[in-house]
Peer 1: 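Mind having a look at this structure? Questions to follow.
Along the sequence shown, residues carry numbers from 1.
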Amino acid sequence: MTDTGTHTELAKRRKAVLPDWVATYYQDPIDIERGEGRHVWDAEGNRYLDFFGGILTTMTAHALPEVTAAVSEQAGRILHSSTLYLNRLMVELAERVAELSGIEDPRVFFTSSGTEANDTALLLATGHRASNQVLALRNSYHGRSFSALAITGNRAWSPTSLSPVQTTYVHGSRRRGTALAELSDADFTAACVDDLEDVLGQLHGNVACLIAEPIQGVGGFAVPPDGLFARFKEVLDRHGILWISDEVQTGWGRTGEHFWGWQAHGDSGPPDIVTFAKGLGNGLSIGGVIASAEVMNSVKASSLSTFGGSPITTAGALANLNHLLAHDLQGNAQRVGAVLRAELDDARLRLPHVSDVRGKGLMIGVELVRPGTGEPDAAAATAVLEHTKSAGLLIGKGGLDGNVLRIAPPLSLTEPEAREGAAILVDALTRAGERS
């Protein structure tokens, strides 16, 4: 990899004008200048295989021709109008999303981000239930706005204890480091249901909702047992509590086995509210909420969105979604994800600092610990990121302790690319193990 000093100078300029709390990856951050397919190039000419997709956002491919053409054509017409006017592309995209949602009599509201989508879901649930009491999962992440931080159960991403809602956290996804770590799936599920019942018994009657990620993203791709939320919903339904599924990272087929993450808990029927973002726009700023007409239309005040569902974002998102469906990228995520997972599972057997490989489809987490103690090893995760970058592979990291590698390539990843990326990652894991 070359170093001409371009990145060094830009990093200095960035530090002078951006907040210190807006983090970057790598000791020497990179400026990603262009992309194509599953690869990106930085401003110094280095090429990388992208296994993180701008935080699970480049869902289909970089510079997907259909999306580029749709955006370019729409940009030549009109960029913006707002929801105060009819927008054919927004209606067409809403129709497609509603059809795919699994929710009965659905309504769709578009936003500019996943954070804003979760804000809207909280607005709907608390207003519909006339309650500010909210349940969320420990180790969760739902965005960076004031209300989204109030339901984020991961200390690394929650800078304030102030809150517009009363949030109570329940067990559900994270096992390692808890008293539930050694339980079987069945016993873990039973313990989480008992915990939910106990928490509800300590709250003041009316609770608005439970919001949960089917697989926790920032939380290190922590995966609950299949069927857990079906059991949760049995409890929630008895109390009239709404279930919000945060599909910002799990939606659109990324898990391979299902189109939505909640469908792994399908015995429950669909959630009351689904939020989405990231992959739908393939890099364009779009998010949204799906809910039944009863819940969505319960807002009594007038409202609108200046940027949600804008002509240019819906044009690109519609082209992206059509491409995803026409090329069965969900099926590809399952097939190629299995290849990538097998390579990592095999490596785990000979790498004592790799304590867990988990996830579904093309959403895979690798947890690193100190051999012999089992303590989280965030330094090893950082070292792996540096090694993979040097070898031409971009990945992410997360987890409560920053010790989980996050692997989430575009869903069009090919089998040769999966094997290439796995080889780089296994080599980086080996090198990181040698330093500990």
Peer 1: Hey, does the side chain of Ser158 reach the backbone of Asn154 with a donor-acceptor pair shorter than 3.5 angstrom?
Peer 2: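 A pair under 3.5 Å: no.
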Peer 1: Any idea which heavy atoms bring Leu137 and Ser173 closest together, and the distance?
Peer 2: CD2-OG, 3.5 Å
Peer 1: Is there a donor-acceptor pair closer than 3.5 Å between any side-chain N or O of Thr388 and the backbone N or O of Val384?
Peer 2: yes
Peer 1: Taking Ser163 for the side chain and Val165 for the main chain, is one N or O donor matched with an acceptor at less than 3.5 Å?
Peer 2: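 Checked: pair present.
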Peer 1: More than 12 heavy atoms of other residues, nucleotides or ligands under 6.0 Å from CG of Leu86: yes or no?
Peer 2: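 Count not over threshold, so no.
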Peer 1: Could you tell me whether the side chain of Asp345 reaches within less than 4.5 Å of the side chain of Arg341, counting heavy atoms only?
Peer 2: yes
Peer 1: Rounded to the nearest 0.5 Å, what separation is found between the CD1 atom of Ile151 and the CD1 atom of Ile211?
Peer 2: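 That separation rounds to 4.0 Å.
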Peer 1: Apply side-chain contact (heavy atoms from CB on, under 4.5 Å) to residues Val299 and Leu124 and explain how you reach the verdict.
Peer 2: CA-CA 7 Å; Val299 175; Leu124 293 173; 3.5 Å; yes
Peer 1: Look up atom OG in Ser245 and atom CD in Glu213, then write down how far apart they are to the nearest 0.5 Å.
Peer 2: 9.0 Å
Peer 1: Can you confirm whether Trp41 is buried at CH2, in the sense that more than 12 heavy atoms of other residues, nucleotides or ligands lie under 6.0 Å from that atom?
Peer 2: yes
Peer 1: With distance as the sole test, does Glu116 use its side chain to make a donor-acceptor pair with the main-chain N or O of Gly287 at under 3.5 Å?
Peer 2: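 No, because the side chain of Glu116 does not come within donor-acceptor range (under 3.5 Å) of the backbone of Gly287.
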Peer 1: To check you understand the geometry: which heavy-atom pair defines the closest contact between Ser285 and Thr313, and what is its length?
Peer 2: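 The pair with the smallest heavy-atom distance is O-CG2, 3.7 Å.
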Peer 1: Under the salt bridge (Lys or Arg N to Asp or Glu O under 4.0 Å) definition, can you give me all pairs with a residue in residues 146-169, not counting sequence neighbours?
Peer 2: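 Qualifying pairs: Arg155-Asp401.
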Peer 1: Quick one: which residue pairs count as a side chain to side chain donor-acceptor pair (under 3.5 Å) with a foot in residues 75-103, not counting sequence neighbours?
Peer 2: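 Side chain to side chain donor-acceptor pair (under 3.5 Å) check on residues 75-103 returns Glu73-Arg77, Arg96-Asn322.
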Peer 1: Compare all side-chain heavy atoms of Thr430 with those of Glu434 and state whether any distance is below 4.5 angstrom.
Peer 2: yes
Peer 1: Apply the test side-chain hydrogen bond (donor to acceptor under 3.5 Å, both in side chains) to residues His62 and Asp50: give CA-CA distance (whole Å), side-chain angles for both, the deciding distance (0.1 Å), then the verdict.
Peer 2: CA-CA 9 Å; His62 290 282; Asp50 186 3; 2.7 Å; yes
Peer 1: Which residue pairs pass the salt bridge (Lys or Arg N to Asp or Glu O under 4.0 Å) test with at least one member in residues 297-326, sequence neighbours excluded?
Peer 2: none
Peer 1: CG/Leu203 to OG1/Thr168 distance, rounded to the nearest 0.5 angstrom?
Peer 2: 4.5 Å
Peer 1: Return yes if some donor-acceptor pair links the side-chain N/O of Thr24 with the main-chain N/O of Pro29 below 3.5 Å, else return no.
Peer 2: no
Peer 1: Show every donor-acceptor pair shorter than 3.5 Å between a side-chain atom in residues 330-337 and any protein atom, with sequence neighbours excluded, or say none if there are none.
Peer 2:
{"from": "Gln330", "atom 1": "NE2", "to": "Gly256", "atom 2": "O", "distance (Å)": "3.1"}
{"from": "Asn332", "atom 1": "ND2", "to": "Leu411", "atom 2": "O", "distance (Å)": "2.7"}
{"from": "Asn332", "atom 1": "ND2", "to": "Leu413", "atom 2": "O", "distance (Å)": "2.9"}
{"from": "Arg335", "atom 1": "NH1", "to": "Gly331", "atom 2": "O", "distance (Å)": "3.4"}

Peer 1: Nearest 0.5 Å, please: how far is CZ in Phe146 from CG in Leu162?
Peer 2: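 Reported value, rounded in 0.5 Å steps: 5.0 Å.
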Peer 1: Which value, rounded to the nearest 0.5 Å, describes the distance between Ile395 atom CD1 and Arg406 atom CZ?
Peer 2: 11.0 Å
Peer 1: Restricting to non-hydrogen atoms, name the atom on Met59 and the atom on Asn320 that form the minimum distance, rounded to 0.1 Å.
Peer 2: CE-ND2, 3.3 Å
Peer 1: Do Leu429 and Leu405 touch side chain to side chain, with heavy atoms closer than 4.5 Å?
Peer 2: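 Result yes, sub-4.5 Å side-chain heavy-atom pair found.
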Peer 1: Side chains of Arg358 and Arg175, heavy atoms from C-beta outward: is any pair under 4.5 Å?
Peer 2: no
Peer 1: For residues Ala94 and Val108, report the shortest heavy-atom separation together with the two atoms involved.
Peer 2: O-CG2, 3.7 Å
Peer 1: Name each donor-acceptor pair under 3.5 Å that joins a side chain in residues 271-278 to protein atoms two or more places apart or in another chain, with its distance.
Peer 2:
{"from": "Asp272", "atom 1": "OD2", "to": "Trp243", "atom 2": "N", "distance (Å)": "2.8"}
{"from": "Thr275", "atom 1": "OG1", "to": "Asn118", "atom 2": "OD1", "distance (Å)": "2.9"}
{"from": "Lys278", "atom 1": "NZ", "to": "Ile55", "atom 2": "O", "distance (Å)": "3.2"}

Peer 1: Got a sec, which residues hit side chain to side chain contact (heavy atoms under 4.5 Å, CB included) with Arg107, two or more places apart in sequence or on another chain?
Peer 2: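 Arg107 satisfies side chain to side chain contact (heavy atoms under 4.5 Å, CB included) with Asp105, Ala293, Met296, Asn297 only.
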Peer 1: Could you list all the salt bridge (Lys or Arg N to Asp or Glu O under 4.0 Å) pairs where at least one residue sits in residues 128-149, not counting sequence neighbours?
Peer 2: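 Every pair satisfying salt bridge (Lys or Arg N to Asp or Glu O under 4.0 Å) with a residue in residues 128-149: there are none.
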Peer 1: Would Asp20 and Lys15 count as a side-chain contact (heavy atoms from CB on, under 4.5 Å) if you check the C-alpha gap in whole Å, the side-chain angles of each, and the deciding distance to 0.1 Å?
Peer 2: CA-CA 7 Å; Asp20 290 345; Lys15 184 174 178 59; 4.0 Å; yes
Peer 1: Can you check whether His323's main-chain N or O pairs, donor with acceptor, with His327's side chain at less than 3.5 Å?
Peer 2: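 Between the backbone of His323 and the side chain of His327 there is a qualifying donor-acceptor contact (under 3.5 Å).
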Peer 1: Keeping the roles fixed (side chain from Asp195, backbone from His171), state whether a donor-acceptor pair exists under 3.5 Å.
Peer 2: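 Yes, because the side chain of Asp195 sits within donor-acceptor range (under 3.5 Å) of the backbone of His171.
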Peer 1: Keeping Thr167 on the side-chain end and Ala150 on the backbone end, is there a donor-acceptor pair under 3.5 Å?
Peer 2: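 Yes; judged by distance alone, with no hydrogens or angles, the pair exists.
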Peer 1: Determine whether Thr382 and Lys397 satisfy the following criterion, side-chain contact (heavy atoms from CB on, under 4.5 Å), listing intermediate values before the conclusion.
Peer 2: CA-CA 8 Å; Thr382 298; Lys397 66 175 181 174; 2.8 Å; yes
Peer 1: Would you name the heavy atoms of Gln133 and His204 that are closest together and state the gap between them?
Peer 2: NE2-O, 3.1 Å
Peer 1: Asp119 versus Thr111: any side-chain heavy-atom pair under 4.5 Å?
Peer 2: no
Peer 1: Checking Pro352 now: which residues fulfil side chain to side chain contact (heavy atoms under 4.5 Å, CB included) with it, not counting sequence neighbours?
Peer 2: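 Pro352 satisfies side chain to side chain contact (heavy atoms under 4.5 Å, CB included) with Pro371 only.
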Peer 1: Can you list every pair that meets side chain to side chain donor-acceptor pair (under 3.5 Å) and has a residue in residues 411-424, with sequence neighbours left out?
Peer 2: Arg38-Ser412, Arg38-Glu417, Glu343-Arg419, Thr414-Glu417, Glu415-Arg419
Peer 1: Do any pairs count as a salt bridge (Lys or Arg N to Asp or Glu O under 4.0 Å) and have a residue in residues 243-259, sequence neighbours left out, and if so which ones?
Peer 2: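 Of all non-adjacent pairs touching residues 243-259, those that pass salt bridge (Lys or Arg N to Asp or Glu O under 4.0 Å) are Glu257-Lys360.
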Peer 1: List for me each residue that meets side-chain hydrogen bond (donor to acceptor under 3.5 Å, both in side chains) alongside His258, sequence neighbours excluded, and say none if there are none.
Peer 2: none
Peer 1: I'd like to know if the side chain of Glu36 reaches the main chain of Val40, judged simply by a donor and an acceptor atom lying under 3.5 Å from each other, with no hydrogens or angles considered.
Peer 2: no
Peer 1: Could you check whether any side-chain heavy atom of Tyr141 comes within less than 4.5 Å of a side-chain heavy atom of Gln216, counting everything from C-beta outward?
Peer 2: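 Of all side-chain heavy-atom pairs linking Gln216 with Tyr141, none is under 4.5 Å.
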Peer 1: Specify the closest pair of heavy atoms between Cys192 and Leu180, including all atoms of both residues, with the distance to one decimal.
Peer 2: SG-CD1, 4.3 Å
Peer 1: Rounded to the nearest 0.5 Å, how far does OG of Ser147 lie from CG of Asn132?
Peer 2: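 It comes to 12.5 Å.
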Peer 1: Between Ser72 and Thr68 (side chain of the first, backbone of the second, donor and acceptor by atom type, cut-off under 3.5 Å), is there such a pair?
Peer 2: no
Peer 1: Heavy atoms, side chains only, cut-off 4.5 Å: are His387 and Asp427 in contact?
Peer 2: no
Peer 1: Evaluate the side-chain proximity of Leu394 to Tyr26: yes if any heavy-atom separation is below 4.5 Å, no if none is.
Peer 2: yes
Peer 1: Can you list the residues that meet the ring-ring contact (aromatic ring centres under 6.0 Å, His included) rule with Phe259, with sequence neighbours excluded?
Peer 2: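 Checked Phe259 against ring-ring contact (aromatic ring centres under 6.0 Å, His included); matches are Trp252.
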